[in-house]
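Structure record follows, encoded as structure tokens.
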2 protein chains.
Amino acid sequence: MARPSAKNPTLSLDRGVLPSLLGYVLRRTQSAVFADFAATFAQAGEALTPGEFGLLVLVERNAGLSQMALARALGIDRSTLVPILNRLQARGLLVRRDSPTDGRTHALGLTPAGEKALTRFARLVKAHEKRIASGLSAAETRTLIGLLEKVRASARSL
Amino acid sequence: MARPSAKNPTLSLDRGVLPSLLGYVLRRTQSAVFADFAATFAQAGEALTPGEFGLLVLVERNAGLSQMALARALGIDRSTLVPILNRLQARGLLVRRDSPTDGRTHALGLTPAGEKALTRFARLVKAHEKRIASGLSAAETRTLIGLLEKVRASARSL
DNA sequence: GGAGATTGTTTGGGGAGCAAACAAATTCGG
DNA sequence: CCGAATTTGTTTGCTCCCCAAACAATCTCC
């Protein structure tokens, strides 16, 4: 019988049930994908997080939306959104204009520089997506996305 | 042609390409699963993160391992691990014993209370897993895990 | 025995997230 | 139409995760 302790430097250790847990595999995969995203952008001399990319796309496709609407779409608190918008605005990619109809809200929009940057970003994201899905057929990728959506639907806040 | 702007309060907005991006769907699903995990534990009066659960399982199945070995297995920096172990140790679930063979390393292990707690935690995780996979057949769940592993393998740090 | 590597810790910095409180503005009820 | 309730964006405070760099203690290898 193999004694496990001893000296087992890098050779992966016993993970028990973990590899059969959906939550565990999901978390590890997400972590690796995030790293790949970061590496892809870093290598291109750009800096962006997946969350920022999603935010920019949302603002581009829904110009003039408010921070509350954006926060809801992102599933985060409105107070969490503030520093993120500050950063993007400081980079000159995004603006908070005064809403003509509601004095409380800001009408979010991309600057021309933001539009141009988003085009570059989209190219990098496409390359990143291609790499992480390189082990899958197109059909498998669609299946994977569909299954993930089903999981997300079942995993409600409760 | 429908003018998008106007007032579209909660009715989901235009997400553009995002729903077809694996990284995006993965991130949103992971977020929902995390929330379900937290809600499951909170409802049972327990407090634990998915990461802590994984760590405890790893320590249980590989008693006596060092912090470096654990950090490598978790894919995090050794300095990141320190406050996490401090917290778990303060909760009396885990101990850092002196290694008899190597004065630099700590031999990590669960306390009896840690073993008992982990049994409770495992039950909650099982319930959580059952819920998030409730929309999937057993075969689909296996398929999903397999596809995620493939993605993880392709998404290398680069 | 000494040079170099490894381990755990501390410090410093960044980001993500929530809750509570607040002022300004809007909406709603009478 | 005017006051009350609600909504929005912001600030502050707190927790957590993550990394990099530096440091002392210890081990390894020559």
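Side chains are part of it too, since the values below use all heavy atoms of this structure and drop only hydrogens, waters and symmetry mates. Per chain, numbering begins at 1; letters A, B, ... match sequence-line order.
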Open item on the list: Please compare A:Gly103 and A:Arg78 by the position of their nearest nucleotide in DNA chain C and report the one closer to 5'.
Closed with: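 The residue closer to the strand's 5' end, by nearest nucleotide, is A:Arg78.
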- [ ] Name the residue closer to the 5' end of DNA chain C, choosing between B:Leu85 and A:Thr80 according to the nucleotide with the nearest heavy atom.
- [x]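 So the residue in question is B:Leu85.
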Open item on the list: So, does A:Gln67 get its side chain near the phosphate of D:dT7, meaning an N or O under 4.0 Å from OP1 or OP2?
Closed with: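 False: A:Gln67 side-chain N/O out of range (4.0 Å or more) of D:dT7 OP1/OP2.
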How many Å lie between [atom1] on [X] and [atom2] on [N], as a whole number?
{"X": "A:Phe41", "N": "C:dG15", "atom1": "CZ", "atom2": "C1'", "result": "17 Å"}
{"X": "B:Asp98", "N": "D:dC27", "atom1": "CG", "atom2": "C1'", "result": "15 Å"}
{"X": "B:His106", "N": "C:dT7", "atom1": "NE2", "atom2": "P", "result": "13 Å"}
{"X": "B:Leu81", "N": "D:dA20", "atom1": "CG", "atom2": "C1'", "result": "16 Å"}
{"X": "B:Leu88", "N": "C:dG8", "atom1": "CG", "atom2": "C1'", "result": "17 Å"}
{"X": "A:Phe53", "N": "C:dA16", "atom1": "CZ", "atom2": "P", "result": "16 Å"}
{"X": "A:Met68", "N": "D:dT6", "atom1": "CE", "atom2": "P", "result": "15 Å"}
{"X": "B:Glu52", "N": "D:dC18", "atom1": "CD", "atom2": "P", "result": "11 Å"}

Open item on the list: Any non-hydrogen side-chain atom of A:Ile132 less than 4.5 Å from a side-chain atom of A:Phe37?
Closed with: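 No. Closest side-chain heavy atoms not under 4.5 Å.
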Nucleotide nearest [X] when distance is taken to its side chain, options [options]:
{"X": "A:Ile84", "options": "C:dT26, D:dC16, C:dA16", "answer": "C:dA16"}
{"X": "B:Arg104", "options": "D:dC27, C:dA25, C:dT10", "answer": "D:dC27"}
{"X": "B:Ser66", "options": "D:dT10, D:dC27, C:dG8", "answer": "C:dG8"}

Open item on the list: Determine whether a donor-acceptor pair (N or O, by modelled atom type, separation under 3.5 Å) exists between the side chain of B:Glu140 and the backbone of B:Ser137.
Closed with: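 Side chain of B:Glu140 to backbone of B:Ser137, a donor-acceptor pair under 3.5 Å: yes, one is there.
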TODO: With heavy atoms under 4.0 Å as the rule, sort A:Ser79 into base, sugar-phosphate or nothing.
DONE: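 Base: the residue A:Ser79, judged by heavy atoms under 4.0 Å, touches a nucleobase.
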Open item on the list: Base, sugar-phosphate or nothing for B:Thr105? Non-hydrogen atoms, less than 4.0 Å.
Closed with: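 Answer is sugar-phosphate: B:Thr105 comes under 4.0 Å of backbone atoms only.
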Open item on the list: Go through it in stages, so that I can follow the logic: the residues are A:Arg96 and A:Gln67, the test is side-chain hydrogen bond (donor to acceptor under 3.5 Å, both in side chains), and I'd like the CA-CA distance, side-chain angles, deciding distance and then a yes or no.
Closed with: CA-CA 9 Å; A:Arg96 288 187 251 224; A:Gln67 296 185 195; 3.2 Å; yes
Open item on the list: Between A:Arg27 and A:Asp77, which residue's closest nucleotide on DNA chain D lies nearer the 5′ terminus?
Closed with: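 It is A:Asp77 whose nearest nucleotide is closer to the 5' end.
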Open item on the list: Run A:Glu149 and A:Arg152 through salt bridge (charged side-chain N to carboxylate O under 4.0 Å, His left out) and show every step you take.
Closed with: CA-CA 5 Å; A:Glu149 292 287 11; A:Arg152 185 165 73 88; 3.3 Å; yes
Task: Residues B:His128, B:Asp36; criterion side-chain hydrogen bond (donor to acceptor under 3.5 Å, both in side chains); working and verdict - done: CA-CA 7 Å; B:His128 156 71; B:Asp36 187 287; 2.8 Å; yes
